[in-house]
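Have a look at the structure below before the remarks.
What you see below is based on every heavy atom in this structure, not just the backbone, and it leaves out hydrogens, waters and symmetry mates.
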Amino acid sequence: MPSVILERGRKKRLEHAHPWVFKNEIARVEGDPEAGDLVSIVNHQGRYLATGYYNPTSQITVRVLSYEPLEAMDKNFFAERFRDCLEHRERFVTGGDAYRLVYGEADFLPGLIVDRFGDVLVVQLLTLGMDRRREEIRDALVEVIGPVGIYERSDVSIRELEGLEQTKGPLYGDSPRHVVVTENGLRIKVDIVEGQKTGYFFDQRENRAAIAPLMTGWGGRSGITLQEVAAEQGDAGTAVMKPVNKSGKVVEFPFWDGATVLECFSHTGSFTLNACKYGAKKVTCLDISEHAIESARDNVKLNGFEERVEFVVDDAFQYLRNQVKGVEERTARAGGKGDTSKPLTAGGGRTFDVVILDPPAFAKTKNAVKGATRGYKDINLHGMKLVNEGGYLVTASCSFHMRPELFLDTIKEAAADAGKILRLVDWRAAGKDHPQILGVEEGHYLKFAIFEVRSRTQL
């Protein structure tokens, strides 16, 4: 087998489980490997370190597959790895038939993503080494999982760094465009052909369920309390506990104690669905994409939540600014400022008990971090201004280059500018079907936080 000999002065990342070898870390190559071939990786003293696949076109020239000699990336190799992946998900992912089955480097299969949607699989081949084993991967998945269909979604720009074209299409069997799966007890319709990436984002599964405590306990703020009410004729007993408003009337709406919620960047409406499941009174589901809102609308209908959800197709940045401007105008008028004879210039002015911000990655490269920081500060500043006093801001970042410290510092600066004090209630990463290898920082991309929002002037 050909060998890649590493530079003497390189950083010892490989010895700390990082599976990438960069071009500038290689002293020389012995043998004549073709792109995609397996190579042994040895240090400058000739000591074997690992086996990986080789691509001289890529800056990540070798990606590690094994820390012991490996003869071939054949069907049996993939089948063994897939069984390990399945065992992990069956142990840790409960209550659904959909999850990330293979998560690249974290499952010791760099460059390969497989998402499971019931009996349909969606595959991404991100590297040349995996692209060359398309048939072996397909056959091993059929053997281990037994799906009715496998669909490829390798229509991602990262392939171009490997000298590959973007591609998508069926790999095996019958892959319908739409599949319905279960997550957190909710039914979700996924577009595997035209949806973003593989059609759905599994990494926030546990985080979506984490909003449950925020969804109830709000009725008292509007003067609704549980009181003993005389039983109606035919009911057993003399009195029953019912919600009663300040006027003494019984409130019949079953979600009287629920939160008002705004979900921005909703995609398929997954946070909206969880908000409704856990008792939200009213949810505003917003995305700039009409296709995304149609998907969210389908999912809301599928779960019977239509009466509690409104849909907005708009740019989240602009929507948040308009609402804040409306709040500020109304506050000024309530304080005796402004000309009340003229209509409000802003069309917004709504506030919410819970605001959820789950944007796409703003920083896909190091060079984009500065602009991304401005974007995260903007949405969080305006988002927290729309949270009712003592309510909650739920915010996330899936940009790897937006490191956790920078993300929290950015939110802290936004809070200072907004005159808010934030109390951190929950801090999370990606779910259990997205394991992380210690030492591989690139896998630590998702940041998820829940903050209680208070105003400095009211403390």
* Please assess D115 against R153 for the test salt bridge (Lys or Arg N to Asp or Glu O under 4.0 Å), listing each intermediate value before the final yes or no. => CA-CA 10 Å; D115 280 348; R153 284 296 305 271; over 6 Å; no
* **Check against side chain to side chain donor-acceptor pair (under 3.5 Å), Y54 and E34** => CA-CA 7 Å; Y54 175 75; E34 295 183 1; over 6 Å; no
* For salt bridge (Lys or Arg N to Asp or Glu O under 4.0 Å), just list the numbers for R63 and E162, CA-CA rounded to whole Å, side-chain angles, deciding distance to a tenth of an Å, and then say yes or no. => CA-CA 12 Å; R63 298 177 190 256; E162 293 274 316; 3.2 Å; yes
* Determine, step by step, whether D417 and K412 satisfy the salt bridge (Lys or Arg N to Asp or Glu O under 4.0 Å) criterion, reporting the C-alpha distance in whole Å, the side-chain angles of both residues, the deciding distance to 0.1 Å, and the verdict. => CA-CA 9 Å; D417 289 354; K412 182 173 66 176; over 6 Å; no
* Trace of the salt bridge (Lys or Arg N to Asp or Glu O under 4.0 Å) decision for D107 with R81 -> CA-CA 8 Å; D107 282 309; R81 292 286 168 93; over 6 Å; no
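When E135, E80, E143 are each tested for a salt bridge (charged side-chain N to carboxylate O under 4.0 Å, His left out) with K75, only one passes: E143. Each of R116, R100, R205 was evaluated against D433; a single residue qualifies, R205, per the salt bridge (charged side-chain N to carboxylate O under 4.0 Å, His left out) test.
Taking a cutoff of 4.0 Å between a charged side-chain nitrogen and a carboxylate oxygen, R321 and D378 qualify as a salt bridge. Between K420 and E452, none of the side-chain N atoms (NZ, or NE/NH1/NH2) sits under 4.0 Å from a carboxylate O, so this pair counts as no salt bridge. Taking a cutoff of 4.0 Å between a charged side-chain nitrogen and a carboxylate oxygen, E294 and R297 qualify as a salt bridge.
Going from atom OG1 of T198 over to atom OH of Y151 covers 12.5 Å, rounded to the nearest 0.5 Å. Note that CD of E413 is 8.5 Å distant from OG1 of T373, once rounded to the nearest 0.5 Å. A distance of 9.0 Å separates CD of E7 from CD of E25, quoted to the nearest 0.5 Å. One distance of note links CG of D315 with OG of S289; it measures 12.5 Å at 0.5 Å rounding.
Put simply, the side chain of N299 gets close to the backbone of T268: a donor and an acceptor are under 3.5 Å apart. The backbone N or O of E165 lies less than 3.5 Å from a partner atom in the side chain of R159, making a donor-acceptor pair. E152 contributes no side-chain N or O that, together with a main-chain N or O of G169, makes up a donor-acceptor pair within less than 3.5 Å. Side-chain N or O atoms of R187 include none that pairs as donor or acceptor with a backbone N or O of V180 at under 3.5 Å. Using a distance-only test at 3.5 Å, with no hydrogens or angles considered, a donor-acceptor pair links the side chain of N207 to the main chain of A429. The backbone N or O of T182 lies less than 3.5 Å from a partner atom in the side chain of D97, making a donor-acceptor pair. Checked by atom type and distance alone, the side chain of K447 pairs as donor or acceptor with a backbone atom of M402 at under 3.5 Å.
Within a 6.0 Å radius of NZ in K370, no more than 12 heavy atoms belonging to other residues, nucleotides or ligands are found. Residue H291 places its NE2 atom among more than 12 non-hydrogen atoms of other residues, nucleotides or ligands, all under 6.0 Å distant.
For the pair W427/L408, a side-chain contact is recorded, criterion being any heavy-atom separation below 4.5 Å from C-beta on. Considering only heavy atoms from C-beta on, L273 comes within 4.5 Å of F305 through its side chain. Two residues are said to be in side-chain contact when any heavy atoms from C-beta on lie closer than 4.5 Å; L38 and L65 meet this criterion. Contact annotation: the side chain of V39 never approaches that of Y53 to less than 4.5 Å [non-hydrogen atoms, C-beta and beyond].
Side-chain contact, T51 with Y48: a donor N or O sits under 3.5 Å from an acceptor N or O. For the 3.5 Å distance criterion, the side chains of D353 and T260 qualify, holding a donor opposite an acceptor. N322 and Q318 form a side-chain donor-acceptor contact under 3.5 Å, judged by distance and modelled atom types alone. Between the side chains of H18 and E105, not a single donor N or O lies within less than 3.5 Å of an accepting N or O.
Classification of the F407-Y376 ring pair by plane angle, with boundaries at 30° and 60°, yields perpendicular. Below 30°, between 30° and 60°, or above 60°: for F253 and F255 the angle between ring planes is above 60°, a perpendicular geometry.
A centroid separation of 6.0 Å or more is found between the aromatic rings of F202 and H434.
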